[in-house]
Amino acid sequence: MHNSGKEFRNRDKVMYIILVVFGLLFLTIYFCNHYFFRTFAFDYGAYNFAFYDYAHLRSSLCPVYHIDATFLQDHVSFTLIILSPLYWLFSWLTGTYTLLIFQTGLILFGGWGVFKLISLKSENKYLPVLALLYYFLILGRWTAFTSDCNFAIMASSLIPVFMYYFERKKWTAFILCFIFILTTREDMALWTLFTGIFYLVIYRKEKERRTASLWIIFTSLAYFILTFTLIIPLLETPGKKFLLFNYSMLGENPMEALIFMVKHPFETLRLLFVNFSGEPLYDKVKTEFYLVYLLSGGMLVFLRPQYLLLFIPILAKKMLNDDPIRWSVELYYSIEFVSILPVAVYGIISSFRSRKLQTISGVLICLVTLAITTHKLTGRRELKWWPVEKYAFWQKEMYSPVVDISAVYETLKKIPDDAKVSASGRIVPHLAFRKTIYYFPRVDDAEYLVVFRENDTYPLNQEQFDIELKKYTDSEGWVTGVDGGPFLLLMRKPLK
């Protein structure tokens with residue numbers, strides 16, 4: 001008994017070491033991406049502006065957008081409102097890195113949840129450690145770095161913790177996790193709904209957990225209906241309609257989509273696997289996704305079909321969307337899968353009768369996953385649209401600026417904290433803690449205009465960007481503050 005207790009304490013130490021190692025690595029990646037101006041106006045600039053805005057008890061029109069809309073109109077999310085006190089607690093020290101640090105903390109919390117959950121299911125001392133490693137090794141964990149900060153990453157990280165507290169019957173902590181997950185995005189209620197169905201199936205004979213499962217189902221369904229029938233219509237204006245329901249193959253709204261899926265189940269199933277965009281470029285995108293995650297352990301889910309309930313909503317949300325990039329392994333569009341796969345895969349492995357088979361299976365899954373992730377990050381992907389320096393910590397490009405960083409930061413210090421600014425996409429996230437920050441070419445009443453001349457022209461091409469910028473460099477109403485070659489600061493002349 002004494003030796004067993006010592007073994008489990010040692011296992012916990014290994015868990016904390018893994019969390020520290022990956023935590024430091026992830027923070028390094030996030031720090032480099034932001035410090036070297038590789039974060040973007042969409043989404044991190046908008047997130048930082050909303051974070052600042054809510055902290056000042058406002059819900060302003062988000063000037064980062066090129067239309068008049070609040071952040072809440074674009075994302076039916078109350079997360080940043082909940083987190084807004086963190087601005088006052090930490091931003092004096094962590095500045096515009098605050099949300100990236102918080103997101104990293106949630107990712108690590110999710111890893112802790114995976115470890116604790118598998119520890120409940122198996123007495124195999126190696127299996128929880130392997131599950132934790134697997135959580136950090138899956139491809140989607142790394143491609144998500146290209147998306148900087150995102151509510152899907154935050155919410156998905158809490159799902160294993162949510163499940164752990166459910167299993168332990170720690171109801172207060174469970175409810176807090178549940179509320180946080182529901183309020184991150186309008187679609188998370190569908191995932192928690194199916195999680196409740198999953199638990200209802202496996203705990204149908206246990207009264208307390210069965211009751212809790214029914215409560216999850218009812219609350220999730222009620223919140224989802226409330227969001228789409230009341231909250232979204234209240235937030236809409238003639239100039240800003242809700243545009244995130246992009247499922248034209250199914251219908252114009254969730255109710256039409258549900259009716260279509262009920263009436264046409266086989267067609268719905270077919271759509272999960274085919275390219276319906278009409279563009280041959282995307283013919284193999286869905287196949288690549290399925291191969292990556294089935295080979296990275298996902299095939300084990302079919303040994304326990306009840307686990308498929310956890311994947312139905314996120315698979316439908318991903319593969320039935322109109323935008324082919326969402327079908328792919330790119331960006332954060334697999335983050336739900338990489339957060340829940342460790343729970344399912346290693347939960348299934350823990351049910352194997354032979355402890356030796358458990359360990360061998362767990363090790364093999366980690367090794368195969370590492371091989372696939374390495375191959376995809378360093379080799380060929382169907383849609384390789386994003387620069388490797390966003391995640392490739394092993395390459396010097398991660399740590400190499402493309403401009404004179406010290407000169408850029410010295411220039412940004414010349415801009416007063418309360419000034420109205422228009423900036424190019426990579427600069428916006430650094431200047432978003434202010435009442436007014438525009439995303440160039442939107443200038444409006446900005447007092448300062450600061451841009452990178454090249455490699456930062458989105459949503460314009462280089463020629464269009466140069467034409468727009470010339471309007472201000474040639475204008476008598478603006479004076480050059482700093483011209484650092486690839487970097488330019490203009491100041492509006494005061495009215496006489």
Side-chain angles (χ1 to χ4, degrees), residues 30-54 60-75 77 79-80 87 91 95-100 103 144-153 240 243-244 325 330-332 385-387 389-390 401-403 405 408-409 411-412 415 417 419-462 464-466 468-469 472 486-490:
Y30 279 131
F31 176 84
C32 288
N33 283 337
H34 194 47
Y35 183 74
F36 292 130
F37 294 93
R38 291 194 291 263
T39 53
F40 303 111
F42 300 145
D43 288 320
Y44 198 45
Y47 275 51
N48 269 342
F49 172 80
F51 186 45
Y52 170 89
D53 201 44
Y54 292 144
S60 310
L61 294 177
C62 183
V64 174
Y65 301 145
H66 294 302
I67 58 173
D68 289 333
T70 67
F71 186 80
L72 197 58
Q73 286 178 297
D74 193 49
H75 300 270
S77 170
T79 302
L80 292 184
Y87 173 85
S91 65
T96 55
Y97 296 81
T98 304
L99 289 178
L100 293 175
Q103 180 172 271
F145 283 115
T146 61
S147 302
D148 303 322
C149 185
N150 194 276
F151 292 136
I153 300 172
K240 181 63 176 75
L243 300 175
L244 296 181
I325 185 64
E330 300 295 325
L331 298 171
Y332 68 91
W385 293 355
W386 305 98
E389 61 264 21
K390 290 282 283 189
V402 294
V403 295
I405 289 294
V408 174
Y409 280 110
T411 300
L412 295 184
I415 302 175
D417 292 340
K420 298 175 182 179
V421 180
S422 175
S424 59
R426 295 173 188 262
I427 300 173
V428 166
H430 293 262
L431 298 177
F433 281 0
R434 63 186 63 239
K435 191 173 182 179
T436 305
I437 173 71
Y438 298 116
Y439 182 7
F440 187 81
R442 184 177 181 181
V443 176
D444 291 8
D445 58 346
E447 301 161 299
Y448 290 79
L449 196 162
V450 55
V451 297
F452 289 122
R453 293 178 187 271
E454 299 176 348
N455 301 317
D456 194 22
T457 65
Y458 183 85
L460 309 177
N461 60 36
Q462 187 67 57
Q464 293 169 331
F465 185 89
D466 291 341
E468 287 296 318
L469 186 58
Y472 302 97
F487 181 72
L488 177 68
L489 172 66
L490 301 179

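Worth saying up front: this structure is predicted, and the values here are computed from it rather than measured.
The CG atom of Leu469 lies 6.5 Å from the CG atom of Leu490; values are rounded to the nearest 0.5 Å. Distance check: Phe465 CZ to Phe452 CZ gives 10.5 Å after rounding to the nearest 0.5 Å. Atoms CG and CZ, from Asn48 and Arg434 in turn, are 11.5 Å apart once rounded to the nearest 0.5 Å. Rounding to the nearest 0.5 angstrom, the gap separating the CG atom in Leu489 from the OG1 atom in Thr411 is 6.5 Å. Expressed to the nearest 0.5 Å, how far CG of Asp43 lies from CZ of Phe71 amounts to 7.0 Å. Separating the CZ atom in Phe51 from the OG1 atom in Thr96 is a distance of 11.0 Å, to the nearest 0.5 Å.
Listed by chain and residue number, Asp445 satisfy the side-chain hydrogen bond (donor to acceptor under 3.5 Å, both in side chains) test with Tyr438 (two or more places apart in sequence, or in another chain). Asp466 meets the salt bridge (charged side-chain N to carboxylate O under 4.0 Å, His left out) test with no other residue; sequence neighbours excluded. In this structure, the side-chain contact (heavy atoms from CB on, under 4.5 Å) partners of Phe40, at least two apart in sequence or on a different chain, are Asp148, Lys390, Arg426.
What you find for Val64 and Ala41 is that their closest heavy atoms are CG1-O, 4.0 Å. Shortest non-hydrogen contact noted between Ala446 and Ser422 is CB-N, 3.7 Å. Among all heavy-atom pairs drawn from Gly45 and Val428, the shortest one is CA-CG1, 3.9 Å. For Ile437 against Ala423, the heavy-atom pair with the smallest separation is CD1-CB, 4.3 Å. Between Tyr472 and Pro441, the shortest heavy-atom distance links the atoms OH-O, 4.4 Å. Nearest approach of Leu100 to Cys149, heavy atoms of both residues: CD2-CB, 4.1 Å.
Counted by atom type alone, Asn33 and Thr39 present zero donor-acceptor pairs between their side chains at under 3.5 Å.
Checked by atom type and distance alone, the side chain of Glu447 pairs as donor or acceptor with a backbone atom of Lys420 at under 3.5 Å. For the pair Asn150 (side chain) and Ala152 (backbone), a donor-acceptor distance under 3.5 Å is present. Judged by distance alone, the side chain of Tyr47 and the main-chain N or O of Phe151 form a donor-acceptor pair under 3.5 Å. A donor-acceptor pair is defined here as one N or O able to donate and one able to accept, closer than 3.5 Å; such a pair exists between the side chain of Ser77 and the backbone of Thr79.
Side chains of Cys62 and Thr70 form no contact here, defined as non-hydrogen atoms less than 4.5 Å apart. Inter-residue side-chain proximity for Phe37 and Tyr409 is flagged as met; some heavy-atom pair is nearer than 4.5 Å. The shortest distance between side-chain heavy atoms of Glu468 and Leu460 falls below 4.5 Å.
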Original post:
Please walk me through it: do Leu488 and Arg453 pass side-chain contact (heavy atoms from CB on, under 4.5 Å)?
Top reply: CA-CA 7 Å; Leu488 177 68; Arg453 293 178 187 271; 3.5 Å; yes
Subject >> Audit row: Tyr52, Tyr87, ring-ring contact (aromatic ring centres under 6.0 Å, His included) steps and yes/no >> reply: CA-CA 7 Å; Tyr52 170 89; Tyr87 173 85; 5.7 Å; yes
Subject >> Residue pair Asn455, Val402: steps toward the side-chain contact (heavy atoms from CB on, under 4.5 Å) verdict >> reply: CA-CA 10 Å; Asn455 301 317; Val402 294; 5.8 Å; no
**OP:** Begin with the C-alpha distance, continue with both residues' side-chain angles, and end with the deciding distance and a verdict on ring-ring contact (aromatic ring centres under 6.0 Å, His included) for Tyr65 and Tyr439.
**Re:** CA-CA 7 Å; Tyr65 301 145; Tyr439 182 7; 9.8 Å; no
**OP:** Decide side-chain contact (heavy atoms from CB on, under 4.5 Å) for Leu72 and Tyr54; before the verdict, give the C-alpha distance in whole Å, the side-chain angles of both, and the deciding distance to 0.1 Å.
**Re:** CA-CA 11 Å; Leu72 197 58; Tyr54 292 144; 3.9 Å; yes
Original post:
Yes or no on side-chain contact (heavy atoms from CB on, under 4.5 Å) for Ile325 and Glu330, after CA distance, side-chain angles and deciding distance?
Top reply: CA-CA 7 Å; Ile325 185 64; Glu330 300 295 325; 4.0 Å; yes
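A perpendicular orientation is assigned to the rings of Tyr97 and His34, their planes being inclined by more than 60° (bins at 30° and 60°).
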